[in-house]
Structure formats: C-alpha cells, structure tokens
Amino acid sequence: MSVVIVGTLDTKGEEIDFARDVIEDQGVDVHLVDVGVMGPSDVEADTTAEAVAEAGGSTLEALREAGDRGKAMEVMGDGAAAIVTEMYEDGVLDGILGLGGGGNTSIATGAMRALPVGVPKLMVSTMASGDTEPYVGTKDIAMMYSVADIEGLNQLSRTVISNAALAMVGMVSNEPDVEVEDKPTIALTMFGVTTPCVQTAREWLEERGYETIVFHATGTGGRAMENLIAQGVVDGVLDLTTTEWADEHVGGVLGAGPDRLDAAGEAGIPQVVSTGALDMVNFGPEDSVPEKFADRQFHVHNPQVTLMRTTPAENAEIGRIIAEKLNAATGPTTLALPLGGVSMLDAEGEEFYDPEADTALFDALRDNIDETVDLLEIEANINDDEFAVAVAERLHESLTDSA
C-alpha cells in the first residue's frame, strides 16, 4: 500500500513529515510530492518541486523569477495532477492526502480531482469549514477542517494531522466490501419534488435487472453525472429532473453549467429526458434572493432554500435550449412531457401550478426538436405512476433495441 502526500514542503515540511511518520508507523509506504516554489526544504521529497514544475509545462527557476503566485499555483497544480495520474495508472498510488492552507488546498485537491471516484482522497485544510465546492467539485474528496492554521506542530495540530493520517491508512489498508455485478447501469436525476417519479422508475428498472445510480440535481449532481457518463460508467440515462437548466438560465444557485445534457448525446447511449422541476429556480434563504426578483412568486422549501416559479418566457427559452441539446445527440433520444405538471408543486391545486408556463415550455420543446428525437407525451403529473412507468419502459426499449 502506498499513500501519496501532496504538499508545499518549503512552508509545511514539518507538518507533512509528521504525517508521513504516522502513516509509515502503520506499515504503509508514503510518497511525498513537493509543490512548493518558495525555496528549499529540510524535508526530502520523492517527487521534487522541479519535477512537478516540468510536468506542469515550466521550470521551477522560471516560476521563482516571475514571482507570479497565481501562475505558479496553476503550473504546480497541473504538474501535480499529471504526476499523480501517472502514479495511479502505474499502480503505485492507493490513496492521496493533502495538508495546507488556501494555496496548497487548491493544488492538492486539483490533483485529487484528476483521479477516479473510489480512490481515497483526504484534504486537511484551513478552508474546509467554508465553501468547499471549488475544491471538491464532482469527486469523492473528504475535507477535514484543521481548526488552527497548519503552521508548526502543537498538541492541536498533532491530533488533527494524526487523525487524518490514520484515516488514510484505514482507507488504503481495507478493501471495501462492495458487491459488483455485471448489470447495465442507468443514471437518473432527482429533486425532492420529483422523488416519487424517480423512486417508481428506479424500482421498475431494478426489477428488470438494471443497476441504478440516482444523482441529486443540485448543480454538482448534474455535473457528476455528466462526468461519469463521459467516463463510460453509464449505459443509459433517465434524465427526469432537468431543473438545473432553470437555474443556469435564470440565475439561480444550482446551475450545472452550459455542458449539462451533452454527455449522453456525445456518448451515443440511450436517454430519456423530461422536464422535472423546470417550474422552479433555487436560491438560499429568503433574504438572499436578488432584489430584481422581488415581485415574483416564491415557495419557502426550508429556511435554507427558497424556490421561485419560472415564467412562461423563461420556460420558452429553457425549452429551446433543451431541444438544441437533444437535437445534437448521436444516440437514441426520447423527450418525455408530463402534461399534468413537472413537479409536486406544479400539480393542480398546488402553489406553482401554472398551465400557461407549462404550455410555453412544452410548445418550445415541440417546436424545436428535430425528427430524430422521439416525443412521448403523457396526460399525467410527473410524479404519477403512469408517467414514471412509461418513461422507464421507453428507456428499457431503447436499451434493448441498441443491444
């Protein structure tokens, strides 16, 4: 077993060396990757800063002469990612650990994001109690708050670093007892307001021998799914909850970026796409909603989440965007429309029920999809069993025909 520690040995050498000792005392090998550019270190690296800089497309001398910290972090981040990727592919990396402040957290987690899901990844950081999304992204990176700055060894830092080091030892020394079956894998997207639909569809598919992976459509969830599709992990997609496009277009907090809905089409795998939760845009607490939306219709989902109803004009543009995405697909693609509403809140009698807005969405989709996209329209709410079973059946048919 071997753990790679990525760190700036010129500024955190003492602390990283302590972590190495804790790990090696447990009989696990350690490989130190030095990403520091400030100066020499008393701690010897297994992969030097010079080698990291070269792997990132520059030289350590050039980075020091330039004195541009941002550029240096970019180069060392690229270099570290390339080095740990090669080590993983060569079978000499079983887990990766990082220790540091803002700079090294950026570099080390960048290297971690280059590795596949399932490789143990742990970052001890002063940044771990804040917004960790830029560091974690869509990978399974565990972040541990260092409490105090990682500057010198004391009773607190020794305890935190020891816990992290021993946690890494535990992860690399024990094989997860995960049952792996040779089943076709289906990705599904879900939101709280589309949960009944996804649960019914998932159960229907699993009864017919599929393995399912459900992604929470919160921006990072959509991006994670797109990444796994691109990696070839998924055989088919039941993309029931495309709500991230509402946030992306209108300006909510859960957008998944402009590449959402691209991966399945580019991979050519069967997909059934619907309009789940496109009746809403997500914001944080009520007082966080931008002033320009003050006259809009809202639903307070919980103290941390405020939902805003999309308008007919917004829905029409979202429909056009989604249609363009589906038209570009190279594999079997079905657009499924729940004519009785796109979420729990969009059912008749509920707060977001708005037939005019739904009609604008559905018409834009109908008017803009090419004949290469199959259209499935069902007179039901998205959460009705009738709709859930119909979309699951359609995906099953597409997968069977493509086999």
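- Proximity of a side-chain donor or acceptor of N302 to a complementary backbone N or O of Q304 within less than 3.5 Å is detected.
- When the shell of 6.0 Å around CD of E377 is examined, it contains more than 12 heavy atoms from other residues, nucleotides or ligands.
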- Intermediate values then yes/no, side chain to side chain contact (heavy atoms under 4.5 Å, CB included), I213 and L188: CA-CA 6 Å; I213 304 175; L188 302 93; over 6 Å; no
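- With rounding to the nearest 0.5 Å, the separation of CE in M168 from CG in L122 is 5.0 Å.
- Listed here is the closest heavy atom pair of T330 and G265: OG1-O, 2.6 Å.
- A distance-only check finds no donor-acceptor pair linking the side chain of T200 to the backbone of D385 [under 3.5 Å].
- The existence of a salt bridge linking E15 and K12 is excluded, since no basic side-chain nitrogen approaches an acidic carboxylate oxygen closer than 4.0 Å.
- Other residues, nucleotides and ligands place more than 12 heavy atoms under 6.0 Å from the CZ atom of F298.
- When atom types are taken as modelled, the side chain of D235 and the backbone of T185 share a donor-acceptor pair closer than 3.5 angstrom.
- The CE atom of M143 lies 8.0 Å from the CE atom of M112; values are rounded to the nearest 0.5 Å.
- Of the N and O atoms on the side chains of T8 and T11, at least one donor lies less than 3.5 Å from an acceptor on the other residue.
- Using modelled atom types and a 3.5 Å distance limit, the side chains of T310 and N315 yield a donor-acceptor pair.
- S173 contributes a side-chain N or O that, together with a main-chain N or O of V169, makes up a donor-acceptor pair within less than 3.5 Å.
- Atoms CD and CG, on E266 and L261 in that order, are 11.0 Å from each other to the nearest 0.5 Å.
- Between the side chain of K139 and the backbone N or O of R113, at least one donor-acceptor pair lies under 3.5 Å.
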- Task: Report the C-alpha distance between D239 and V272 in whole Å, list the side-chain angles of each, state the deciding distance to 0.1 Å, and finish with yes or no for side chain to side chain contact (heavy atoms under 4.5 Å, CB included).
- Result: CA-CA 6 Å; D239 202 346; V272 175; over 6 Å; no
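- For the pair A201 and L238, the tightest heavy-atom approach, listed with the atom from each and the gap, is CB-CD2, 3.7 Å.
- For Y210, the ring pair (Phe, Tyr, Trp, His ring centres under 6.0 Å) test picks out H396, with sequence neighbours left out.
- One finds a salt bridge joining R260 and E226 here, because a Lys/Arg side-chain nitrogen approaches an Asp/Glu carboxylate oxygen to under 4.0 Å.
- Salt-bridge annotation for K183 and E206: absent, with no side-chain N of the basic residue lying under 4.0 Å from a carboxylate O of the acidic one.
- Atom CZ of F352 and atom CE of M280 lie 5.5 Å apart (nearest 0.5 Å).
- Looking at N381, its side chain does come within 3.5 Å of a backbone N or O of N383 through a donor-acceptor pair.
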- Walk me through it: do T47 and L32 pass the test side chain to side chain contact (heavy atoms under 4.5 Å, CB included)? CA-CA 6 Å; T47 297; L32 296 187; over 6 Å; no
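- Between the side chains of S41 and D10, not a single donor N or O lies within less than 3.5 Å of an accepting N or O.
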- Hey, mind stepping through L375 and L337 against side chain to side chain contact (heavy atoms under 4.5 Å, CB included) and telling me if it holds? CA-CA 8 Å; L375 181 61; L337 302 182; 3.9 Å; yes
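- Looking only at distances, no side-chain donor or acceptor of S106 sits under 3.5 Å from a matching main-chain atom of G102.
- In this structure, N154 places its CG atom where more than 12 heavy-atom neighbours from other residues, nucleotides or ligands lie under 6.0 Å away.
- Legend: residues meeting side chain to side chain contact (heavy atoms under 4.5 Å, CB included) with D94, ordered by chain and number and at least two apart, are M1, S2, V172.
- More than 12 heavy-atom neighbours from other residues, nucleotides or ligands sit within 6.0 angstrom of CD on E133.
- Within 6.0 Å of CD on E50 lie more than 12 heavy atoms contributed by other residues, nucleotides or ligands.
- Using a 4.0 Å cut-off between charged side-chain N and carboxylate O, R64 and E61 make no salt bridge.
- Expressed to the nearest 0.5 Å, how far CD of Q199 lies from OG1 of T212 amounts to 11.0 Å.
- Shown here for V22 and S162, the closest heavy-atom pair between the two residues is CG2-OG, 4.0 Å.
- Side-chain atoms of T243 come within 3.5 Å of backbone N or O of A277 as a donor-acceptor pair.
- Salt bridge present: R296 and E314 bring a charged side-chain N and a carboxylate O closer than 4.0 Å.
- Under a 3.5 Å cut-off, the side chain of Q271 and the backbone N or O of G236 do not form any donor-acceptor pair.
- A distance of 4.0 Å separates OG of S274 from CD1 of I382, quoted to the nearest 0.5 Å.
- In terms of the ring pair (Phe, Tyr, Trp, His ring centres under 6.0 Å) criterion, residue partners of F283 (sequence neighbours excluded) are, by chain and number, F293.
- Nearest heavy-atom pair, V281 versus D247, reported as atom, atom and distance to 0.1 Å: CA-OD1, 3.8 Å.
- The main-chain N or O of A51 is found under 3.5 Å from a side-chain atom of T48 such that the two form a donor-acceptor pair.
- With hydrogens and angles left out, the side-chain atoms of T241 and T194 include a donor and acceptor closer than 3.5 Å.
- A cation-pi arrangement is absent between R202 and W204, since the terminal nitrogen or guanidinium carbon is not both under 6.0 Å from the aromatic centre and inside a 45° cone about the axis.
- None of D279, D354, D346 except one satisfies the side-chain hydrogen bond (donor to acceptor under 3.5 Å, both in side chains) rule with R309; the exception is D346.
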